[in-house]
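For ligands, and for the atoms within them, numbers begin at 1 and follow the listed sequence.
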Amino acid sequence: MNQEFDAITHLFQARTPFRHPTTTLGNGDDASVHHIPENMEVVISTDTAVEGVHWPKDMSLGIAGSRAINAALSDLAAMGATPAWVWLAISAKDKPSLSQMSRGIVQACVTHHIELAGGDTVNAVVNSITVTVGGLVPKGAAMRRNAAIPGDKVWILGDLGLSAAGLQQWLQNKPSGRFISHFQTITPLYKQGIALREMGIQSCIDISDGLLQDLNHISQASQVGIDIDIHLIQKLDSYQNLTSELNAENALKMMLGGGEDYALCCTAPDTKHHLLTKLGAKHIGCCNKGSGVQLVQHGTMMDYNIKGYDHFD
Ligand code: ADP
Ligand code: MG
């Protein structure tokens with residue numbers, strides 16, 4: 001048998017037998033075919049992870065594989081979609097690399113009960129994983145970046161800064177550092193995303209490039225100003241956790257600009273306060289009629305020089 005197809009069959013197709021009920025033609029043809037249930041919409045997102053850019057070269061390729069799937073699923077979480085399918089475009093330096101990446105990829109697909117509906121496999125000079133994910137939402141209910149309104153409060157679900165602190169420990173050669181697992185393991189919060197959408201939240205984003213940078217997307221898309229209260233940030237569990245090892249300034253830098261948190265940040269009117277609190281969301285700021293994202297302390301604006309991740313900077 002052709003070695004490429006043999007690898008695709010054994011490493012991927014045979015190990016991901018799950019078929020989503022909407023799939024009329026699954027993996028193995030030129031493309032997959034899916035039926036869209038009545039009153040539902042399809043939500044699709046794609047994400048690339050490259051060795052040496054998105055994960056350190058000395059990290060396990062299995063972990064890189066599961067991170068790639070989980071990071072892509074986080075985009076569905078931000079939209080409030082229920083994950084259904086994954087398509088995978090993978091470049092591998094050699095067969096062992098392919099095999100190792102496949103392990104994490106397959107494990108994540110099985111864990112989240114999503115269908116690996118197709119893909120492409122190539123040999124290249126660098127290992128990289130491009131994941132396209134698709135999910136379903138009731139018509140018109142997808143959460144978006146352009147739906148925040150002045151007066152909304154800003155809420156966060158999930159950890160901030162722990163992943164960035166973990167990456168720093170890895171790069172500093174502290175393999176047993178307490179935050180490393182937070183960098184290696186991404187937990188896509190799609191159950192929480194669905195819960196937010198079901199409670200009527202309309203504006204949400206997942207934090208991948210740093211809280212303040214990603215909030216700028218909501219600010220611009222919705223044409224609102226956003227104030228983030230430093231005292232509310234310091235009340236979060238992540239702050240307590242980080243300051244057990246880092247000084248206060250570094251802890252805040254990690255939380256506000258570190259990135260790869262895959263936390264969900266939404267905005268909502270006060271009427272949702274009780275439901276959001278019950279879900280475990282924490283209030284960190286408010287939207288106003290201004291523009292841009294401000295960090296405030298005791299009601300006054302603070303200067304900050306925290307930049308999120310920029311691939312072309
Ligand atoms: P084509 O040449 O028509 O693009 P390929 O020969 O590249 O198709 O792939 C054969 C089949 O295997 C296709 O159905 C494709 O979706 C699937 N496939 C290829 N690579 C992967 C992968 N890494 N994971 C899952 N499915 C894959
Ligand atoms: Mg084809």
Side-chain angles (χ1 to χ4, degrees), residues 1-37 40-57 59-77 79 81-136 184-188 190 208 260 262:
M1 199 179 176
N2 172 306
Q3 288 215 34
E4 175 191 334
F5 298 131
D6 197 33
I8 293 170
T9 307
H10 285 99
L11 295 178
F12 296 99
Q13 290 167 332
R15 292 157 68 198
T16 51
F18 172 68
R19 290 285 163 269
H20 193 267
T22 57
T23 298
T24 43
L25 184 62
N27 197 330
D29 214 302
D30 287 314
S32 60
V33 181
H34 309 271
H35 146 87
I36 303 173
M40 300 298 273
E41 284 178 321
V42 176
V43 178
I44 296 175
S45 172
T46 197
D47 252 320
T48 292
V50 179
E51 185 173 54
V53 179
H54 297 89
W55 77 85
K57 285 188 173 158
M59 209 182 78
S60 136
L61 291 175
I63 288 174
S66 61
R67 284 182 92 250
I69 299 285
N70 289 327
L73 288 176
S74 175
D75 282 323
L76 293 185
M79 307 300 290
T82 304
W85 326 275
V86 173
W87 297 267
L88 172 70
I90 188 163
S91 313
K93 285 200 283 206
D94 45 41
K95 271 181 82 177
S97 301
L98 183 66
S99 165
Q100 286 164 38
M101 287 188 282
S102 78
R103 232 170 279 156
I105 289 163
V106 166
Q107 183 202 43
C109 290
V110 170
T111 301
H112 300 298
H113 218 58
I114 39 174
E115 172 178 355
L116 186 57
D120 195 25
T121 306
V122 300
N123 181 218
V125 291
V126 61
N127 291 318
S128 88
I129 306 168
T130 295
V131 178
T132 303
V133 284
L136 292 164
Q184 295 190 329
T185 314
I186 295 171
T187 307
Y190 54 85
S208 51
E260 305 236 88
Y262 302 103

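- Between the side chain of Asn70 and the main chain of Ile186, a donor-acceptor pair closer than 3.5 Å is present.
- Between Phe18 and His113, the two ring planes are tilted [angle within 30° to 60°].
- Formation of a donor-acceptor pair under 3.5 Å by the Arg67 side chain with backbone atoms of Trp55 is not found in this model.
- Close approach of ligand 1 to Gln13 is summarised as follows: ligand atoms under 4.0 Å from at least one heavy atom of the residue are 11 (C), 12 (O), 17 (C).
- Between the side chain of Ser102 and the main chain of Phe12, no donor-acceptor pair closer than 3.5 Å is present.
- Taking every non-hydrogen atom of Ile90 and a distance limit under 4.0 Å, the qualifying atoms of ligand 1 come out as 23 (N).
- Nearest to atom 25 (C) of ligand 1 by heavy-atom distance, out of Asn27, Leu25, Ile129, Leu88, is Asn27.
- Interatomic distance, OH of Tyr262 versus CG of Asp75, reported as 8.0 Å (0.5 Å rounding).
- Ligand 1 does not have Trp87 within reach: every non-hydrogen atom of the residue lies 4.0 Å or more from it.
- Here the options are Ile105, Leu116, Thr16, the test is side chain to side chain contact (heavy atoms under 4.5 Å, CB included), and the partner is Val86; only Leu116 passes.
- The atoms of ligand 1 that sit less than 4.0 Å from any heavy atom of Gly28 are 14 (O).
- Counting atoms of ligand 1 from 1 in the listed order, those under 4.0 Å from a heavy atom of Asp29 are 13 (C), 14 (O).
- Annotation for ligand 1: atoms under 4.0 Å from non-hydrogen atoms of Ile8 are 12 (O), 18 (N), 19 (C), 20 (N), 21 (C), 27 (C).
- We find that Glu51 and Lys57 are not joined by a salt bridge, their nearest charged nitrogen and carboxylate oxygen being 4.0 Å or further apart.
- Of all atoms in ligand 1, numbered sequentially from 1 with element shown, those under 4.0 Å from a heavy atom of Phe5 are 6 (O).
- Neither the backbone nor the side chain of Leu11 has a heavy atom within less than 4.0 Å of ligand 1.
- Under the side chain to side chain contact (heavy atoms under 4.5 Å, CB included) rule, Ser97 has a single partner from Asn123, Asn127, Val126, Ile90, which is Asn127.
- Using a 4.0 Å cut-off to heavy atoms of Leu116, the atoms of ligand 1 that qualify are 24 (N), 25 (C).
- Per-residue contacts place Asp120 under 4.0 angstrom from the following atoms of ligand 1 (heavy atoms of the residue considered): 7 (O), 19 (C), 20 (N), 21 (C).
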